[in-house]
Each structure stands twice: as structure tokens, then as C-alpha cells.
Protein chains: 2
Amino acid sequence: MKTERYAETGEQDVADGATLADAAYGRLRRDIITSVRAPGERLRIEKLKSIYQIGPTPLREAMQKLAQDGLVVSEGNRGFTVAPLDPAEFKDLNLARTVIEKEALRLSIEQGDDAWEARVVAAGYIMAKEDAALMKAQGHVPDSWERANSGLHLALVSACGSAWLLKLRGGLHDLCERYRRASVYQKIGARDLTAEHAAIVDATLARNADLACRLIEEHFALTASALAASRENAGTVERDKK
Amino acid sequence: MKTERYAETGEQDVADGATLADAAYGRLRRDIITSVRAPGERLRIEKLKSIYQIGPTPLREAMQKLAQDGLVVSEGNRGFTVAPLDPAEFKDLNLARTVIEKEALRLSIEQGDDAWEARVVAAGYIMAKEDAALMKAQGHVPDSWERANSGLHLALVSACGSAWLLKLRGGLHDLCERYRRASVYQKIGARDLTAEHAAIVDATLARNADLACRLIEEHFALTASALAASRENAGTVERDKK
DNA sequence: AAACCTAACAATGTCGAGAAAATGAAACTC
DNA sequence: GAGTTTCATTTTCTCGACATTGTTAGGTTT
């Protein structure tokens, strides 16, 4: 049973679950987050059947789960569509995410043990490398950077001890990641991501909860405003792929 | 299209959605929250088919959504069961819920308008009556009290302006309500619920966010400890209904 | 007693048919 | 000509039967 790794919600074995419904869920989830399936795109079962080589029953079950996640919109008797990207929703999403992430980080700093510190250090090390590579080679944000970023933020909160906080956080993280990946990221060079991440890691390892929470909040806010700015050029997309 | 009202998550039209899958979801959800379906109970599609008079396809879709909510556990190729009641999970649940509810309350107090104040006053009025009735007639907690309680807490946070905070809050509220309804509530008389609720309403209307949040936190903590205490008599249930 | 095999059972997935609803086009009315 | 109604087409949703796969328990063998 290979663990292919896609987004981050480490709950499912992803794209290879025990049942076809789980597999469909994982693959569709990844495809939606990475914008392989565009926002607003209609998700007709017949079409998906041939794309993923999976029957209609597991596909429908996967859609219902995705709708519950907020990645897919289920309209009465009009089928399913990929959830649209709405700047207002992202602002809201970011707010909720910040609330949860800050609390989880605070708890992690309170309760984290040596193994947790090691995880944070390791994730921070990877992140620093990816940040450096990103700032050198401007332009496209590679998957490896997204993985490192998810990994670092997950490591930071991984000792919070609350399965539910982590679950909620994971869902919100994935939703936000979709917004991030869909945007152009033109101003990513203007930020010193390496410094931002390093500051968060340092404050965390120093067990300075107040500072770490403040930094995380600013970190998220900066991403949000960068996203809002980059949207001024490209309007919100709401296509209908045939 | 009658809006039958069940728990509180006002998202679905409940038990009467446009599609049978939605209807099944709403009815099962209500039945699980109200402990009509006992924790740990196996949910065999064949059985549910005859109970709810709905085919297997929409039933399975409903189960997947419920599994996503955390009300149902989906095990590999071994079908579905009602999620067990685990004291440790309730503690965790309560923690996450408190975090979100406090933030939503704070935002509501910041942004709430006159209509919101009116909603809080109205919900507080109903709640006071139900609290009084409950303390007089000890024992069973009626549905009308649960409705009033849900209504009050929803009214309090309803002006927070964040759809996602409200959505997350709703899900956690329902999960917590199941724990509450499943427990014996023997010590409910020891608490002056009327006073607790009144204090929260007063602090909220006075726009005293810090006090209101503190009171809400205590309110939830008291419920949690009362629940933990009442469990000492009756052990955790994990039945297997044939 | 432990490991293995086998048979019964349960869950999952596929398929095709049919009902209900939505969409779009044509005809009709004002 | 604008707006509405009617009708046909398409799509979604649902059902039931069946095939497949996985799980479990009991019995056999070593």
C-alpha cells in the first residue's frame, strides 16, 4: 500500500484507498486543489467515469464527501461543480484558519516534547532550502515548495494534542492551498519568506507562544493580501469546461 | 417545502431535501444526534433501506457525508457504524468548539447590529423560560430546551460575519449535543443555568467581549465536567445492536 | 496449540432501466 | 416584438439485481 502523498490531510491513503470511493475521493481532491479541475467546472459523472475509470456509485460518494469539505458544490438536481474561487470567501477562510492555527500552535508550544522539536527543526530545514530555491528561480511555485510549506506548518502544530483542531486545520489548509495555487504569485519575491519562516520556527522553539502566534497571524495576513493584490490583474475565473 | 428543523446546522432543509440522499442524510443525522441510533450500532444498508424506505445508493451517499462529519465511522470493507462516544474525544471536541465559539462571539459583539441584538434578546427570553421549566421539572431534558439552547448560542454568534466560522461551529455544536443528550444529566439541578445564560446575554448586549468570552468558556467547561462526572456511574457504551 | 484452508457472509462496485427534474427551443399570446 | 407557455431533450437521480472482492469464523492439518 503505497502512500503517494498529495496535499497534506494525512488522514487518507490518498488516491489508493482501500475502496474505490476513497480512491476517487483522494484523486479528485488532489485534482481540485491543484486546479487540474478548474473552479466552476461541471463535474459530470459520465465524464469522470471515463477519466478515472471508476463507476458512478463510488464517484457519487466521493462527490458527496468533497461537497461536505467545501471543495465541490452540490446543487439540487443539477449535479456537481467545482467550488468557485471567491475573494471574499478566501478572506473568511483565512480568518477561520488563523483562529484555529494560532490556538493549535499555542497548545503545541505548551505541550510539545523533544520529538516535536526535532520535527519542527527538520521541517524548518527543508523549508529554508525550498524558500531559497524559490527566491532564486522566480516564477512557478513547485510542488516541492508546497509540500515543504504544508509540512512545516503541520509540524508546528503537530503537538497540540487535539485531533479535532488538527482535522479542522487540515481541511482549511487544503482549501486555502487551492486559492494559493490558483493565483499568480507575482509578488512572491517581494516577501522574505525565508525570514518569515525562520522567525516563526525560532519563536516556537523558544516556546514564546505569544510571539509565535503573532508571527503566524502576520504570515497568513501577508499571504492573503498578496493574493488579493494579484487578483486585480486576473479576474475571478468561473469557466464551464465542456 | 416545509423546514422541519432538527438539530441546528441550518444548512440543509433537513429530512426533506431536494434529493433522497439529502433527506436520508438529514434523517440519519438527527437520529444519531438524538441517540435514536445508539453509539457503536452497525448501520447496515439493507436494514436502513427498510427503515427509511430509501434505496441503497442515496443511503450510501448519506453515510459518506456523515462519516465526513464524524458522526459515523466508515471502516474499510466492513461497513458503517455510529461513531462511539469517547470521553476523551468529548474533551477534545469541547476544546475546539470553545476556541471557535469564543472568536465568533467576539466578532459578533464587534459587528452586531440592532437586528442581531433583537435576535439575542428574543433567544434569551425563550431560553430563560426553558431553563425555568427545566429546573422545576427535574429529570428528562426536553427537545424544546435543546432547541432553545441551540437557538441562543446560534443567535449570539450569528453576527460574526464569517460563514466558515459558523459552519465549523455548527458541526462541532451538533457533535457536542449528541454527547449531552446521551448522558444522564443528573446534576443539572446543581447548576443555575438561568443565571449562566442571563450573564452571557447581558455581557454580550453590553458589548463586553472579554467578559462574554470568559463566561462562554466557563459555561462550556461546566457542561463538560458535569458530563464527565455523570459518566462515572454509567460506563461508556459501545453496543452492537443486531 | 498454531497455522492454514475453506466456506459462508457482508460489503463494494457495476450495469441498465426508469422516474423526476431542469434546460432549451418552438409556438403562442398580448 | 416581448414575454409567456408548452413541449421535447437532456441530465440527474434512484432503484434493483448481480458480480466481485474482502472479511470472518470454523474446522482441519501439522
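In what follows, chains are A, B, ... by sequence order, proteins preceding strands, each numbered from 1.
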Quiz item: Under 4.0 angstrom, heavy atoms only, what part of the nucleic acid is I45(B) near: base, sugar-phosphate, or nothing?
Solution: nothing
Practice problem: Strictly below 4.0 Å, heavy-atom distances to any atom of DNA chain C: list the hits from residues 69-77 of chain B, or just say none. | Solution: G76(B), N77(B)
Heteroatom pairs (N/O) under 3.5 angstrom, protein to nucleotides 15-18 of chain C:
none

Practice problem: Measure from the side chain of F80(B), starting at C-beta and using heavy atoms only, and say which of dG13(C), dA10(C), dT12(C) lies closest. | Solution: dT12(C)
Self-check item: Start and end of chain A contact along DNA chain D [non-hydrogen atoms, under 4.0 Å]
Solution: dT11(D) to dC13(D)
Quiz item: Which whole-number value in Å describes the distance from E61(B) CD to dG13(C) P?
Solution: 13 Å
Quiz prompt | E110(B): side chain to side chain contact (heavy atoms under 4.5 Å, CB included) partners, not counting sequence neighbours | solution = R106(B), L107(B)
Quiz item: Can you find a side chain N or O atom of R78(A) that sits less than 4.0 Å from OP1 or OP2 on dA21(C)?
Solution: no
Practice problem: Quickly work out the R44(A) CZ to dA22(C) P distance and round it to whole Å. | Solution: 16 Å
Quiz item: With K49(B), which residues qualify under side chain to side chain contact (heavy atoms under 4.5 Å, CB included), at least two apart?
Solution: E46(B), P56(B), L59(B)
Quiz item: Who passes side-chain hydrogen bond (donor to acceptor under 3.5 Å, both in side chains) against T57(B), sequence neighbours left out?
Solution: none
Quiz item: Among all residues two or more places apart in sequence or in another chain, which pass the side-chain hydrogen bond (donor to acceptor under 3.5 Å, both in side chains) test with E103(B)?
Solution: none
Exercise. Using salt bridge (charged side-chain N to carboxylate O under 4.0 Å, His left out) as the criterion, list what pairs up with D31(A), not counting sequence neighbours.
Key: none
Exercise. Using heavy atoms to find the nearest nucleotide of DNA chain C for L43(B) and P58(A) separately, return the residue whose nucleotide is more 5′.
Key: L43(B)
Exercise. Using the test side-chain hydrogen bond (donor to acceptor under 3.5 Å, both in side chains), find all partners of N77(B) that sit at least two apart in sequence or belong to another chain.
Key: none
Quiz item: Closest approach of R78(A) and R42(A), non-hydrogen atoms and distance?
Solution: O-NH2, 2.9 Å
Practice problem: Could you list the residues that satisfy side chain to side chain contact (heavy atoms under 4.5 Å, CB included) with A88(A), not counting sequence neighbours? | Solution: D86(A)
Practice problem: Quick one: list whatever passes side chain to side chain contact (heavy atoms under 4.5 Å, CB included) with V82(A), sequence neighbours left out. | Solution: I32(A), R37(A), E41(A), L43(A), R178(A)
Practice problem: Please name all residues satisfying side-chain hydrogen bond (donor to acceptor under 3.5 Å, both in side chains) with W116(A), sequence neighbours left out, ordered by chain then number. | Solution: none
Practice problem: Run the salt-bridge test on E130(B) and R147(B) with the 4.0 Å N-O cut-off and return the result as yes or no. | Solution: no
